[in-house]
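Notes follow once the structure below has been shown.
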Number of protein chains: 2
Amino acid sequence: MQTDKNIELTISDGHASAPPKAAKKILDVAYDLFYRRGIRAIGVDEIVKRAGVTKPSLYRSFPSKDELAASYLRQYDLEFWERFDEAVDAHPGDPRAQIIAFLTRVGKRTQNPDYRGCGMTNAAVEYPERGHPARVVSEDNKQELRRRLRAMAAAMGAPDADTLGDGLLLLIEGAYISGQLFGLGGPAQSVARNADLLIEASLKE
Amino acid sequence: MQTDKNIELTISDGHASAPPKAAKKILDVAYDLFYRRGIRAIGVDEIVKRAGVTKPSLYRSFPSKDELAASYLRQYDLEFWERFDEAVDAHPGDPRAQIIAFLTRVGKRTQNPDYRGCGMTNAAVEYPERGHPARVVSEDNKQELRRRLRAMAAAMGAPDADTLGDGLLLLIEGAYISGQLFGLGGPAQSVARNADLLIEASLKE
DNA sequence: TGACAATGTTACCGATCGGTACGTATACAT
DNA sequence: ATGTATACGTACCGATCGGTAACATTGTCA
């Protein structure tokens with residue numbers, strides 16, 4: 001229920017007081033393990049072992065494993081929007097090009113042999129219980145993504161912008177899942193192409 | 001590694017010898033719990049408790065929890081193709097109508113408040129390790145789905161049938177995930193509409 | 001009645017789960 | 001130097017994990 005201790009590492013790190021060094025290592029390791037192998041599959045013992053710290057150190061920085069998972073997803077959220085906005089900023093005023101740029105990069109990433117999809121999506125699958133700390137972060141991220149996609153669809157001038165925005169979201173989520181289900185050469189590599197076709201059809205409608 | 005004991009319940013059940021009654025109850029309960037709450041989230045103790053049997057009974061019918069999970073998915077596979085072929089059979093010779101019929105039903109199911117997506121997809125997310133018994137069943141199912149979607153896209157006369165088939169797969173997977181991520185009114189309800197738009201654009205290409 | 005197969009009962013295994021009580025080391029300010 | 005606060009380590013907790021050994025009970029068919 002506390003949100004005090006672990007926010008330090010987002011604001012500190014750089015200037016004067018540099019105490020929470022263990023917390024950063026823990027979060028880094030947890031990020032990697034949670035993403036690659038799943039949250040439920042990883043125990044706190046393995047995290048502290050790989051981080052070179054001890055268990056009490058983890059529980060001094062994070063109130064529980066569930067909250068550590070939520071912190072991992074908050075970090076994921078930050079980096080996700082960095083990637084997203086990178087594509088957006090590359091094509092100012094051209095939402096269609098922004099989407100395609102983003103999806104082209106997603107399509108490429110899915111062809112990485114150890115691609116593991118979207119950490120947000122995976123966490124929501126792992127934790128179907130409503131209100132779970134990790135799921136809350138995931139749901140918020142997806143709500144915001146939906147909002148932005150619909151806004152971009154509207155900016156494209158689509159007659160039914162909400163449907164197009166949702167269609168793009170479906171393609172994106174499909175790419176995340178297919179990327180980790182099929183190996184190389186999976187359906188996810190065509191996500192940008194399919195999105196372009198869908199946009200084309202939706203604008204002409 | 002064995003596939004002997006638990007296949008009985010697919011062939012027996014009805015005539016003379018009706019011994020493996022416990023196995024069926026166990027699989028039924030496991031099916032429900034695994035699907036609704038996830039495989040990793042459910043322990044064997046809870047399964048046997050809800051099934052009204054004891055742990056040794058479970059391990060007489062299934063060599064391990066992982067194999068029980070695989071059996072659950074094999075059952076899921078059967079029922080999945082029943083639903084799929086139902087939509088196919090409803091529109092003989094019209095692959096486009098078949099797809100739309102299937103996706104209309106998927107879109108409706110996703111609006112069920114306790115919809116939990118596709119058991120296959122969820123299992124693959126829960127078990128990223130290649131070769132895991134549950135994941136193997138899931139991957140086989142998805143490979144076959146991809147094959148059939150591409151074949152249907154070809155039958156529609158799409159110039160780039162593989163891309164359209166993959167695009168439909170992305171929309172389907174996206175619907176599975178979005179259906180459990182967003183509650184009512186989520187993007188998954190527009191999956192049939194978006195698929196229709198994508199087909200339209202792909203045929204005209 | 002006898003034999004066999006399926007299930008149930010009880011008790012247990014080692015390993016791991018998430019989490020904590022408590023003592024120790026280090027740094028810094030007075 | 002000494003107090004004080006903070007970070008860390010050792011050792012441990014009860015609960016649950018997946019899985020099993022050994023034996024009693026049941027129902028069915030010959």
*Under 3.5 Å, is there a donor-acceptor pair between the B:Tyr31 and B:Glu79 side chains?*
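Yes, B:Glu79 and B:Tyr31 have a side-chain donor paired with an acceptor closer than 3.5 Å.
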Roughly how many Å is it from [atom1] in [X] to [atom2] in [N], rounded to a whole number?
| X | N | atom1 | atom2 | answer |
| --- | --- | --- | --- | --- |
| B:Ile26 | C:dA6 | CD1 | P | 13 Å |
| B:Lys21 | D:dT28 | NZ | C1' | 13 Å |
| B:Lys25 | C:dT7 | NZ | C1' | 10 Å |

*Going 5' to 3' through nucleotides 9-24 of chain D, assign each nucleotide B (protein heavy atom under 4.0 Å from a base atom), S (under 4.0 Å only from sugar-phosphate atoms) or - (no protein heavy atom that close).*
BB------SBBBB---
*Can you tell me if A:Asp166 uses its side chain to pair, donor with acceptor, with the backbone of B:Ala188 under 3.5 Å?*
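No, A:Asp166 side chain to B:Ala188 backbone: no donor-acceptor pair under 3.5 Å.
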_Between B:Tyr115 (side chain only) and B:Gly179 (backbone N and O only), is there a donor and an acceptor less than 3.5 Å apart?_
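Not confirmed, B:Tyr115 side chain does not pair with B:Gly179 backbone.
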*Give me the one residue out of A:Arg146, A:Arg147, A:Arg148 that meets side chain to side chain donor-acceptor pair (under 3.5 Å) with A:Glu144.*
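Among the candidates, only A:Arg147 passes.
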*Please round to the nearest 0.5 Å and tell me the distance separating atom CD of B:Gln143 and atom OG of B:Ser138.*
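OG of B:Ser138 is found 10.0 Å from CD of B:Gln143.
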